[in-house]
Amino acid sequence: METFKYLQKEGDNYVLKGQKSLSAGIVLLEVALAVASFVAYFGNTEDTYYLLFALLLLLFAFLTLKRMGQKIVFNPTDRTVTFPKLGKGEGAVLGFDEFSNFTMVKLKSYGITTNNHFQMTFKKNGKDKSYLLRQYGTNAKQAQVLAEEIEQIMGIKK
């Protein structure tokens, strides 16, 4: 039986393990900033910008929590990948044959890499569509391991 670092077997499917600690940290930061904004609003300023900022942060915290529970599923039997949709409705179901490449997007601030987004790109109806798999900090060497695991599941020969 194969064991993967980033993928977990559930029945016939492989599910990408979520980054729950990163998401939980982001939610805690958003809620803490929202509470601080509420305190500033009700404390002494009563400026509506603090209230709007707090409500916006709570909305982001809710969306982050909702995103935490979603799964990216690889089904080698049907040769499909299912990406969840944040809102209502079905997520995107794409075939292994539509897979184009992996992409690493580096986010930089003042010339310093602050974050990396690891994405899968698919060609559907002649258009490229990218889906976020994971985020990494400044060191993105783990993305190579994830790419190799996905290639193994998809049956892509190097």
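What you see is a predicted model, and the numbers here were worked out from it, not measured in a lab.
- Of the inter-residue distances, the one linking Ile150 atom CD1 with Leu133 atom CG reads 5.0 Å to the nearest 0.5 angstrom.
- Considering only heavy atoms from C-beta on, Met154 comes within 4.5 Å of Phe99 through its side chain.
- The side chain to side chain contact (heavy atoms under 4.5 Å, CB included) search around Asn116 returns Met104, Lys106, Thr113, Tyr136, Ala140, not counting sequence neighbours.
- Counting only distance, with no hydrogens or angles, the side chain of Asn75 and the backbone of Thr77 share a donor-acceptor pair below 3.5 Å.
- Atoms CG and CG, from Leu33 and Leu58 in turn, are 10.5 Å apart once rounded to the nearest 0.5 Å.
- Side-chain contact between Thr121 and Phe102: absent, with no pair of heavy atoms (C-beta onward) separated by less than 4.5 Å.
- By the 30° and 60° cut-offs, the orientation of the rings of Tyr131 relative to Phe83 is parallel.
- A 4.5 Å side-chain heavy-atom check between Asn13 and Phe74 finds every atom pair outside the cut-off.
- The main-chain N or O of Val15 is never found under 3.5 Å from a side-chain atom of Gln8 such that the two would form a donor-acceptor pair.
- Salt bridge status for Lys71 with Glu10: present, with a side-chain N to carboxylate O gap under 4.0 Å.
- A 4.5 Å side-chain heavy-atom check between Thr80 and Leu94 finds every atom pair outside the cut-off.
- Remark: side-chain polar atoms of Arg134 are paired, donor with acceptor, to backbone N or O of Lys17 under 3.5 angstrom.
- Evaluation of the salt bridge (Lys or Arg N to Asp or Glu O under 4.0 Å) rule for Asp97 yields Arg79 as partners, not counting sequence neighbours.
- Every residue meeting the salt bridge (Lys or Arg N to Asp or Glu O under 4.0 Å) condition with Lys123, not counting sequence neighbours, appears here in chain and number order: Asp128.
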